[in-house]
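In what follows, chains carry the letters A, B, and so on, assigned in the order in which the sequence lines appear, proteins first and then strands, with residues in each chain numbered from 1. Both backbone and side-chain heavy atoms feed into the values below; hydrogens, waters and symmetry mates do not.
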There are 2 protein chains.
Amino acid sequence: MANADFHGCPVRNVLDRIGDKWTTLILLRLSREPCRFSALRRQVPDISKRMLTLTLRNLERDGMISRTVFPTKPPSVEYALTPLGRSILGPLGALVLWADERFSEIRENRTRYDALEAG
Amino acid sequence: MANADFHGCPVRNVLDRIGDKWTTLILLRLSREPCRFSALRRQVPDISKRMLTLTLRNLERDGMISRTVFPTKPPSVEYALTPLGRSILGPLGALVLWADERFSEIRENRTRYDALEAG
DNA sequence: CCGGATCCGACGGGATACTG
DNA sequence: CAGTATCCCGTCGGATCCGG
C-alpha cells in the first residue's frame with residue numbers, strides 16, 4: 001500500500017478526501033437532502049458514473065454517508081449523510097465561505113504575479 | 001490549460017491548494033513564525049527541495065505568503081504569512097480539529113467496512 | 001437503474017544532478 | 001544557501017463496454 005507513512009495522520013487522511021475532485025461537491029449536495037444515484041449524476045455536472053461510484057464508496061467506507069437499497073424494479077439506491085458526515089459540514093462550510101470571500105483577491109494576486117514573471 | 005472549467009470556481013481553487021500534499025503543512029508551520037527555506041525543509045519531514053519550492057511559489061503567487069531575500073553571502077530567504085494567508089488559519093484550524101476528533105471513528109468505520117467486504 | 005471491469009492519457013510528485 | 005532542470009513512475013480520473 002502506498003503512502004503507508006500517512007496512514008496515522010488524521011489531517012492528511014481528511015485532506016486527501018476533501019481535496020479530491022468530487023467529494024466536497026457530493027457532501028454539499030447531500031447536505032440539502034438525501035439523493036439517489038441518478039439524481040446526483042444530474043446535479044453534479046460532468047461527473048462520470050465511475051467517479052461518482054468511487055466517491056460514494058469511499059464516503060460510505062468512512063461512515064460519512066449511508067447507502068439504502070430499495071428492492072424496486074429496477075432498483076433504486078438512496079444516499080444520505082450520517083451524523084459523522086453532517087458533523088464535517090461546519091468546518092467545510094467555513095472553508096467554502098472563506099473561498100467565496102477571498103477568491104477575487106487571490107485571482108488578482110495571481111494575475112499580478114504572472115504579469116511580473118512575464119516581464 | 002487543463003481544467004479550464006474550474007478556473008471560475010472558488011471552492012475548487014481553494015481545495016486544489018489545501019488538498020495537495022504539502023500546502024497545509026507549510027501554512028501551519030509558518031503560522032507559528034516566519035521561516036527560512038532550509039528550516040522549512042528540516043521541520044517539514046520528507047519534503048523534497050523541488051516540492052518545497054513549488055509549494056512556496058504557488059502560495060506566493062496566491063498572495064498567501066511573502067518572500068524576502070536577504071542579500072547576505074550565501075543568500076538567505078525568509079517566508080512569512082501575509083494577512084490573506086493568516087485569514088485562512090481559522091477555517092483550516094476548524095478542519096484540523098475535526099480531523100483530530102473524528103479520525104479514530106473514521107478508522108474504525110474503515111476496518112469494519114473492509115472486514116465485511118472480505119467476508 | 002445502479003453499478004463493475006478494463007484500457008489509457010494526464011498529472012503530481014520523488015530522485016538525482018547541476019547552478020549562482 | 002536556495003533554488004533549477006531532467007527523468008521517471010504511480011495514481012487519478014475519463015471513456016467505453018459489460019452485467020444484475
Side-chain angles (χ1 to χ4, degrees), chain A residues 1-7 9 12-13 15-26 29-30 34-61 65-80 113 117, chain B residues 1-7 9 12-13 15-26 29-30 34-61 65-80 113 117:
Chain A
M1 182 79 71
N3 282 350
D5 44 343
F6 286 150
H7 279 20
C9 175
R12 274 253 52 84
N13 269 271
L15 291 180
D16 282 351
R17 280 280 173 278
I18 73 163
D20 74 16
K21 201 171 179 182
W22 303 109
T23 295
T24 301
L25 290 173
I26 302 290
R29 178 59 194 79
L30 290 179
C35 205
R36 289 177 44 191
F37 189 88
S38 297
L40 278 172
R41 272 203 79 188
R42 283 190 298 272
Q43 298 182 25
V44 180
D46 300 332
I47 193 172
S48 63
K49 276 189 301 182
R50 169 187 154 82
M51 288 316 296
L52 181 53
T53 301
L54 287 178
T55 305
L56 290 170
R57 281 290 171 282
N58 281 328
L59 285 171
E60 186 196 2
R61 186 170 100 104
I65 65 174
S66 64
R67 178 176 183 271
T68 320
V69 181
F70 296 98
T72 57
K73 195 163 49 163
S76 73
V77 182
E78 186 176 86
Y79 296 92
Y113 184 95
E117 292 305 287
Chain B
M1 182 82 70
N3 282 350
D5 46 341
F6 285 151
H7 280 21
C9 175
R12 274 253 51 85
N13 268 271
L15 291 180
D16 280 351
R17 278 282 173 277
I18 73 162
D20 74 14
K21 200 172 178 182
W22 303 108
T23 295
T24 301
L25 291 174
I26 302 290
R29 178 58 193 81
L30 290 178
C35 206
R36 290 175 44 189
F37 189 88
S38 297
L40 278 173
R41 272 203 78 190
R42 282 190 299 271
Q43 298 181 26
V44 180
D46 299 333
I47 194 172
S48 64
K49 276 188 298 184
R50 170 187 153 84
M51 288 316 298
L52 182 54
T53 300
L54 288 178
T55 305
L56 290 169
R57 282 290 173 280
N58 282 329
L59 284 171
E60 187 195 1
R61 186 169 99 106
I65 65 175
S66 65
R67 178 175 181 272
T68 319
V69 181
F70 296 98
T72 57
K73 195 164 47 160
S76 73
V77 181
E78 187 177 85
Y79 295 92
Y113 184 94
E117 293 305 287

Checklist entry - What pair of heavy atoms forms the shortest contact from B:Ile47 to B:Val44, and how long is it? => result CG2-O, 3.3 Å
Checklist entry - Do you know which two heavy atoms are closest between B:Thr55 and B:Met51, and how far apart they sit? => result OG1-O, 2.7 Å
Item to check | Pairs meeting criterion salt bridge (Lys or Arg N to Asp or Glu O under 4.0 Å) with involvement of residues 47-58 of chain A, two or more places apart | outcome: A:Arg57-A:Glu60
Checklist entry - Can you check the B:Asp16 CG to D:dC12 P distance for me, whole Å? => result 15 Å
Next on the checklist: Let's see if you get this right: which residues in residues 37-44 of chain B place a heavy atom under 4.0 Å from DNA chain D?
Outcome noted: B:Phe37, B:Ser38
Next on the checklist: Restricting to non-hydrogen atoms, name the atom on A:Leu40 and the atom on A:Leu52 that form the minimum distance, rounded to 0.1 Å.
Outcome noted: CB-CD2, 4.1 Å
Item to check | Between D:dC12 (C1') and A:Leu15 (CG): distance, integer Å | outcome: 17 Å
Next on the checklist: Could you tell me how far apart A:Lys73 (NZ) and C:dG3 (C1') are, to the nearest whole angstrom?
Outcome noted: 19 Å
Checklist outcome for this item: When rounded to whole Å, the CG to C1' distance for the pair A:Leu52 and D:dT16 reads 17 Å
Checklist entry - Atom CD of A:Glu60 and atom C1' of C:dG4: how far apart are they, to the nearest Å? => result 15 Å
Item to check | Atom-to-atom span, CG of B:Asn58 to P of D:dG3 - whole angstrom | outcome: 14 Å
Item to check | Sidechain-backbone polar pair: B:Arg41 side chain, B:Arg36 backbone, donor-acceptor under 3.5 Å | outcome: no
Checklist entry - So which heavy atom on A:Leu15 is nearest to which on B:Ile18, and how close? => result CD1-O, 3.7 Å
Checklist entry - What is the distance from CD of B:Glu117 to P of C:dG3, rounded to the nearest Å? => result 13 Å
Checklist entry - For B:Phe70, which contact category applies under a 4.0 Å heavy-atom criterion: base, sugar-phosphate, or nothing? => result nothing
Checklist entry - To the nearest angstrom, how far is A:Glu78 atom CD from C:dG3 atom P? => result 12 Å
Checklist entry - When every nucleotide of nucleotides 12-20 of chain C is labelled 5' to 3' by its protein contacts under 4.0 Å (heavy atoms), B for base, S for sugar-phosphate only, - for none, what sequence of letters results? => result -BBB-BB--
Next on the checklist: Looking at D:dA2, I'd like to know if its phosphate oxygens (OP1 or OP2) sit under 4.0 Å from a side-chain N or O belonging to B:Arg67.
Outcome noted: no
Checklist entry - Is a side-chain N or O of B:Arg12 found less than 3.5 angstrom from the main chain of A:Lys21, in a donor-acceptor match? => result yes
Item to check | Euclidean distance, A:Asn58 CG relative to A:Arg61 CZ, rounded to 0.5 Å | outcome: 7.0 Å
Next on the checklist: Please give me the minimum heavy-atom distance between A:Tyr79 and A:Leu30, naming the atom from each residue.
Outcome noted: O-CD2, 3.5 Å
